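Working notes, structure below.
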Number of protein chains: 2
Amino acid sequence: MYLVNGKEYNCSVAIVQDIFNDKWKLGIIWHLLAGEKRYKELFEEVKEITQKTLTVKLRELEEKQLIAREVFPEIPPKVVYSLTPIGERLRPLLKEMYDWGIDYVQACGEFSTEEGCALTCKDENLGKNE
Amino acid sequence: MYLVNGKEYNCSVAIVQDIFNDKWKLGIIWHLLAGEKRYKELFEEVKEITQKTLTVKLRELEEKQLIAREVFPEIPPKVVYSLTPIGERLRPLLKEMYDWGIDYVQACGEFSTEEGCALTCKDENLGKNE
DNA sequence: CTGCATCCTACATGATACTG
DNA sequence: CAGTATCATGTAGGATGCAG
């Protein structure tokens, strides 16, 4: 039994389920795996997301301590988001998702090309150790 | 670029995101990793789920070819659900979620005990090779 | 036992405009 | 640039009852 963020979980998998049960957090983490990003960069790279939703999801990720937010007191404003250690620790999980997705396409897909991954996080980043 | 189940994806991670972006599918897979199950067993083991939702989610998983459904022509009816090969292939992913969840509790949790995992899928099942 | 049919509601997300 | 503020909406999921 676990108590995290004020919630009880019977299984650690349920924590992951709960955190990432939305349309956007996984994609945001994915992009941050390639390195820290400004708000605008994320807004451009996470396809189709709205500003409001991006802000909401960034706040949630920050509250869950998966990302860090650094504000630079400049004009115009500059805010940089980066992964915390436990956020960075998601890399092997995302890598597993990436790999399973490929296998799933092989098994059940109708079509695939090698035209790169719009989520910009290439293999070299996925496997990166710092 | 991938085309799966009539949808386009730019990244294989997005496929995983799309499939498991709900409250229940992950838990159902988790329980099936411990072995094939009857409808009623799943209904009892997947805590809090309603019959309607269980049925809906089982249909979705079957449509996506992650589970197989076998009907025994008996009275009363007997239906058994099991993982397909590509469904079974989710095991390492679930294992990674399990492990990351543990680490997350260490990093951000307020409390934890070793009182087992209500999702019944023990480590020996998680690591199983058949 | 294994579902399906209805009805209902909350919440995540979208669209759009505005601000320091 | 990095957000808020409003308003609107679709759909996942819950509650309940019925059926073969």
Side-chain angles (χ1 to χ4, degrees), chain A residues 5-7 9 14-32 35-64 66-82, chain B residues 5-7 9 14-32 35-64 66-82:
Chain A
N5 301 133
K7 292 184 183 176
Y9 301 93
I15 301 172
V16 182
Q17 147 73 38
D18 196 29
I19 292 178
F20 291 102
N21 182 20
D22 69 45
K23 198 172 168 182
W24 301 107
K25 289 202 206 80
L26 216 52
I28 294 170
I29 295 288
W30 178 259
H31 285 283
L32 288 176
E36 61 178 34
K37 297 272 170 76
R38 299 182 62 163
Y39 179 89
K40 191 194 182 186
E41 294 180 282
L42 286 170
F43 181 61
E44 291 165 350
E45 292 175 10
V46 181
K47 303 296 171 58
E48 316 280 311
I49 199 169
T50 62
Q51 284 195 337
K52 173 197 164 185
T53 301
L54 177 57
T55 301
V56 168
K57 293 305 162 184
L58 287 170
R59 293 292 175 280
E60 289 178 7
L61 286 168
E62 191 187 2
E63 186 203 345
K64 293 177 194 319
L66 300 187
I67 66 173
R69 177 175 183 266
E70 188 179 9
V71 181
F72 294 82
E74 308 171 356
I75 294 180
K78 176 179 174 183
V79 179
V80 171
Y81 294 92
S82 58
Chain B
N5 301 132
K7 291 185 182 176
Y9 300 93
I15 302 172
V16 181
Q17 147 73 37
D18 195 30
I19 293 178
F20 292 102
N21 181 19
D22 70 47
K23 199 172 167 184
W24 301 107
K25 288 203 205 81
L26 216 52
I28 294 171
I29 295 288
W30 177 259
H31 285 284
L32 289 176
E36 58 178 33
K37 296 275 170 76
R38 297 183 61 166
Y39 179 88
K40 192 192 182 186
E41 294 180 281
L42 286 170
F43 181 61
E44 290 165 351
E45 291 174 10
V46 180
K47 305 294 171 60
E48 315 280 312
I49 199 170
T50 63
Q51 285 195 338
K52 174 200 164 183
T53 301
L54 178 56
T55 300
V56 168
K57 293 305 164 183
L58 288 171
R59 293 293 173 278
E60 290 177 7
L61 287 168
E62 192 188 359
E63 186 203 344
K64 292 175 193 322
L66 300 185
I67 67 173
R69 179 175 181 263
E70 187 178 9
V71 182
F72 294 81
E74 307 172 358
I75 294 180
K78 177 179 172 182
V79 179
V80 172
Y81 294 92
S82 58

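These numbers were taken from a predicted model, which means no experiment stands behind them. The sequence lines fix the lettering, A, B, ..., with proteins before strands; numbering per chain opens at 1.
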Does [X] make a side-chain N or O approach to OP1 or OP2 of [N] shorter than 4.0 Å?
{"X": "A/T50", "N": "C/dT13", "answer": "no"}
{"X": "A/Y39", "N": "D/dT4", "answer": "no"}
{"X": "B/K23", "N": "D/dG13", "answer": "no"}
{"X": "B/R59", "N": "C/dT2", "answer": "no"}
{"X": "A/R38", "N": "D/dA2", "answer": "yes"}

Figure out the [atom1]/[atom2] separation between [X] and [N], and round it to whole Å.
{"X": "A/L26", "N": "C/dA12", "atom1": "CG", "atom2": "C1'", "answer": "17 Å"}
{"X": "B/D22", "N": "C/dA12", "atom1": "CG", "atom2": "C1'", "answer": "14 Å"}
{"X": "B/Q51", "N": "D/dA12", "atom1": "CD", "atom2": "P", "answer": "20 Å"}
{"X": "B/N21", "N": "D/dA12", "atom1": "CG", "atom2": "P", "answer": "10 Å"}
{"X": "A/E70", "N": "D/dG3", "atom1": "CD", "atom2": "P", "answer": "13 Å"}
{"X": "B/E44", "N": "C/dT2", "atom1": "CD", "atom2": "C1'", "answer": "13 Å"}
{"X": "B/R69", "N": "C/dC4", "atom1": "CZ", "atom2": "C1'", "answer": "12 Å"}
{"X": "B/L54", "N": "D/dT16", "atom1": "CG", "atom2": "C1'", "answer": "17 Å"}

Open item on the list: Do A/F20 and A/I29 make a side-chain contact, defined as non-hydrogen atoms from C-beta onward lying under 4.5 Å apart?
Closed with: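 Counting from C-beta outward, A/F20 and A/I29 do come under 4.5 Å.
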Task: Side-chain heavy-atom pair A/K37, A/F43 within 4.5 angstrom cut-off - done: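 They are not in side-chain contact.
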Which nucleotide in [options] has an atom nearest any side-chain atom of [X]:
{"X": "A/V79", "options": "D/dG3, C/dG20, D/dG14", "value": "D/dG3"}
{"X": "A/K78", "options": "D/dG3, D/dA2, C/dC1", "value": "D/dA2"}
{"X": "B/T55", "options": "D/dC1, C/dC1, C/dC4", "value": "C/dC4"}
{"X": "A/K52", "options": "C/dG14, D/dA2, C/dC4", "value": "C/dG14"}

TODO: Answer with base, sugar-phosphate or nothing: what part of the nucleic acid does A/F72 contact at a heavy-atom distance below 4.0 Å?
DONE: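 Since no nucleic acid heavy atom lies under 4.0 Å of A/F72, the category is nothing.
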TODO: Classify the nucleic acid contact of B/K57 as base, sugar-phosphate or nothing, counting any heavy atom under 4.0 Å across all strands shown.
DONE: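 B/K57: backbone/sugar contact only, no base atoms under 4.0 Å.
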Open item on the list: If I compare all heavy atoms of A/H31 with all of A/L42, which pair ends up nearest, and what's the gap?
Closed with: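 Answer, listing the atom of A/H31 first, then A/L42: CB-CD2, 4.0 Å.
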- [ ] Considering non-hydrogen atoms only, spot the tightest contact between A/K57 and A/W24 and give its length.
- [x]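 Of all heavy-atom pairs spanning A/K57 and A/W24, the closest is CG-CB, 3.9 Å.
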TODO: Using atom types as modelled and distance alone, determine if a side-chain donor or acceptor of B/K25 lies under 3.5 Å from a backbone N or O of B/L61.
DONE: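 Checking the backbone N and O of B/L61 against the side chain of B/K25, no donor-acceptor pair under 3.5 Å is found.
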